[in-house]
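Each remark here refers to the structure printed beneath this line.
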Amino acid sequence: MKTKVQTMESLERLYSLFEADLFAVKTLIDTTLNRARNVSNDDLISHLLTLSGKQVRPILTLLAYRLFLNESQNELSSPEPLIQISSAIELIHLASLVHDDVIDDGQYRRDQLSVNAKFGNARAVTVGVYLYSMSLELIAKTRQCDLLYSLSQAVKLMCEGELFQLDSRGEMTVSVEHYLNVVYSKTARLFMSSFECGAQLAAVSQSQVVLLQKYGYYLGVLFQLTDDYLDVFGDQVALKKEKGQDFGQGQFTLPYLFLFEEVCPEEKNTLISDMKSNGEGAFLRSTQCMRDLGVEKRCETFIHGYHRAALSLLEPVSDSLYKQALLFLQQFIVDRINAR
Ligand code: FPP
Ligand code: MG
């Protein structure tokens, strides 16, 4: 009789499962950055090295690689291209955040000053492309054109998502459908590729690749929905970046779209002009209004819908330590809204 695989109980356990690979990813990223160091970029490189994050996307790639392999295959160590591609994905993500902080005028990132806040926009834009070029170098080293194709599509969509989002700033007619399309493009598509790259390297079946891509879609949307929810309702300290950025930018994320549905046209106009002036107390007033009108709860229900949809996609996958790790990661993402 098969024994039931134990559930994963902590984030530490998840990281320890991939300890060697995540260490290899971090080492490769640090080495790649340090190799680029010279007299004129020394401070910038040092700052980038302090910006390491939770490595969510590399973990997805490492998980996708292991999820469908059998126990004896999983005893073998990871191939070099898996480390290279996981590192490349983290570099793409970092590059996109450096650019995103220029676009959003974000001052803090991962508990540090953002690159633009410390070095100015011109350097931040340049160093973002620099990081992106480093990721291309690592993808090239894998010699896998299909991975290059997948990631190039992801980056293309991320740019389109940012452009859609810029076009819709302050736009009164933004729909939930439009918003979800932005979320897919700017966030979920890279999640999909992170899974796809790991699965392709494990040479699993096409249907398994497709399943993971679909799952990546739901997990990515779930991630961005919780991010946008926390920008409104989250705890400033836990966030490690400023709250209310979307309000300040006139970016109508899910909480604002739901709020607009609850108020009359005059109130909607007042809220939008409050957002434009971004005066003191305006953000807090809009948050209070959302709480009073049940918007917070409605967002939570909406987010849980994506949570359930993602879970149901994993149902046919046989139980294993790696499946439990994925379930834990998903729960961890959702719990960010419960743990405020
Ligand atoms: C964070 O969004 C930003 C993204 C998810 C993607 C940004 C993408 C680009 C700038 C285009 C791609 C660029 C490169 C160099 C690959 P957010 O502002 O909602 O999140 P935040 O609250 O963390 O700032
Ligand atoms: Mg931002």
Side-chain angles (χ1 to χ4, degrees), residues 48 51 53-54 56-57 60 87-117 121 123-139 148 150-169 174 178-194 216-217 219-236 238-257 283 299 333 336-337:
L48 291 172
L51 289 179
K54 295 182 289 298
V56 171
R57 292 154 192 81
L60 302 183
S87 309
I89 291 171
E90 185 65 1
L91 282 169
I92 291 174
H93 174 56
L94 183 58
S96 77
L97 293 181
V98 170
H99 279 188
D100 180 70
D101 284 335
V102 173
I103 297 167
D104 292 350
D105 197 21
Q107 302 296 300
Y108 296 95
R109 176 66 66 182
R110 296 172 172 172
D111 243 353
Q112 309 281 338
L113 277 178
S114 60
V115 177
N116 46 302
N121 282 350
R123 283 188 170 74
V125 169
T126 312
V127 90
V129 180
Y130 203 25
L131 289 165
Y132 183 48
S133 73
M134 291 174 199
S135 79
L136 289 176
E137 205 174 76
L138 290 176
I139 301 169
L148 173 61
S150 172
L151 288 168
S152 64
Q153 295 305 299
V155 174
K156 196 164 101 182
L157 257 276
M158 286 163 81
C159 294
E160 287 175 13
E162 279 295 312
L163 289 169
F164 283 148
Q165 185 168 271
L166 282 169
D167 283 348
S168 63
R169 273 192 182 165
V174 176
H178 179 280
Y179 163 74
L180 286 174
N181 196 30
V182 168
V183 167
Y184 157 63
S185 309
K186 75 174 201 181
T187 304
R189 187 58 181 80
L190 187 61
F191 272 61
M192 291 166 74
S193 274
S194 305
Y217 168 79
L219 193 72
V221 173
L222 189 64
F223 188 87
Q224 189 62 47
L225 290 178
T226 57
D227 212 61
D228 292 346
Y229 172 96
L230 291 171
D231 184 73
V232 176
F233 302 112
D235 172 70
Q236 178 72 69
L239 268 184
K240 301 185 177 178
K241 58 187 177 191
E242 326 88 293
K243 252 180 79 166
Q245 278 198 65
D246 295 326
F247 184 88
Q249 301 287 340
Q251 202 67 68
F252 300 152
T253 56
L254 194 69
Y256 299 101
L257 296 178
F283 170 64
C299 289
I333 291 172
R336 299 191 307 164
I337 68 169

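Just so you know, ligand 1 is whichever comes first in the structure, and atom 1 is the first atom listed for that ligand. The first residue in the sequence is number 1, and the count goes up from there. Excluded from the calculations below are hydrogen atoms, water molecules and symmetry mates; all remaining heavy atoms, backbone and side chain alike, are included.
Nearest protein neighbour of atom 16 (C) of ligand 1, counting heavy atoms only, is Val155 CG1, 3.9 Å. Scanning the protein for heavy atoms near atom 22 (O) of ligand 1, the closest one is Lys241 NZ, 3.1 Å. With hydrogens left out, the protein atom closest to atom 20 (O) of ligand 1 is Asp227 OD2, 3.7 Å, a heavy atom. Ranking protein heavy atoms by distance to atom 9 (C) of ligand 1, first place goes to Glu162 CG, 3.3 Å. Protein heavy atom at the shortest distance from atom 14 (C) of ligand 1 is Ser96 CA, 3.8 Å. Of the protein's non-hydrogen atoms, the one nearest atom 18 (O) of ligand 1 is Asp104 OD2, 2.8 Å.
Considering only non-hydrogen atoms, atom 1 (C) of ligand 1 lies nearest to Asp100 out of Leu230, Asp100, Leu91, Thr253. The heavy atom nearest to atom 5 (C) of ligand 1, considering only Met158, Lys156, Gln245, Lys186, is found in Lys186.
Considering CG of Asp246 and CG of Asp104, their distance stands at 7.5 Å, rounded to 0.5 Å. Interatomic distance, Leu60 CG to Met192 CE, rounded to the nearest 0.5 Å: 12.5 Å. With values rounded to the nearest 0.5 angstrom, His99 atom NE2 is found 8.0 Å from Leu131 atom CG. The structure places CG of Asp167 at 11.5 Å from CD of Glu160, a figure rounded to the nearest 0.5 Å.
Ligand 1 has at least one atom lying under 4.0 Å from a heavy atom of Arg109.
Protein N/O/S atoms nearer than 2.8 Å to the Mg ion (ligand 2) total 2.
Taking both residues in full, the closest heavy atoms of Tyr179 and Leu254 are given as CZ-N, 3.5 Å, listed atom of the first, atom of the second, then distance. Contact record, Gly128 with Ala95: O-CB, 3.3 Å, taken as the closest heavy-atom pair. Residues Val182 and Phe164 come closest through the heavy atom pair CG2-CB, 3.7 Å. The two residues Thr187 and Gly220 make their nearest non-hydrogen contact at CG2-O, 3.7 Å. Considering every non-hydrogen atom in both Gly106 and Asn116, the closest pair reads O-ND2, 3.0 Å. Taking both residues in full, the closest heavy atoms of Val174 and Leu257 are given as O-CD2, 3.5 Å, listed atom of the first, atom of the second, then distance.
A donor atom on one side chain and an acceptor atom on the other are found under 3.5 Å apart for Asp105 and Gln107.
Interface of Gln224 with ligand 1, defined as ligand atoms under 4.0 Å from a residue heavy atom, comprises 19 (O). Every atom of ligand 1 is numbered from 1 in the order shown, and the set under 4.0 Å from a heavy atom of Ala95 is 15 (C). Taking a cut-off of under 4.0 Å to the non-hydrogen atoms of His99, the atoms of ligand 1 that pass are 10 (C), 15 (C). Atoms of ligand 1 lying under 4.0 Å from at least one heavy atom of Thr187, given by number and element, are 5 (C).
The cationic group of Arg336 lies under 6.0 Å from the six-membered ring centre of Phe223 and within 45° of the ring axis, placing it in a cation-pi geometry.
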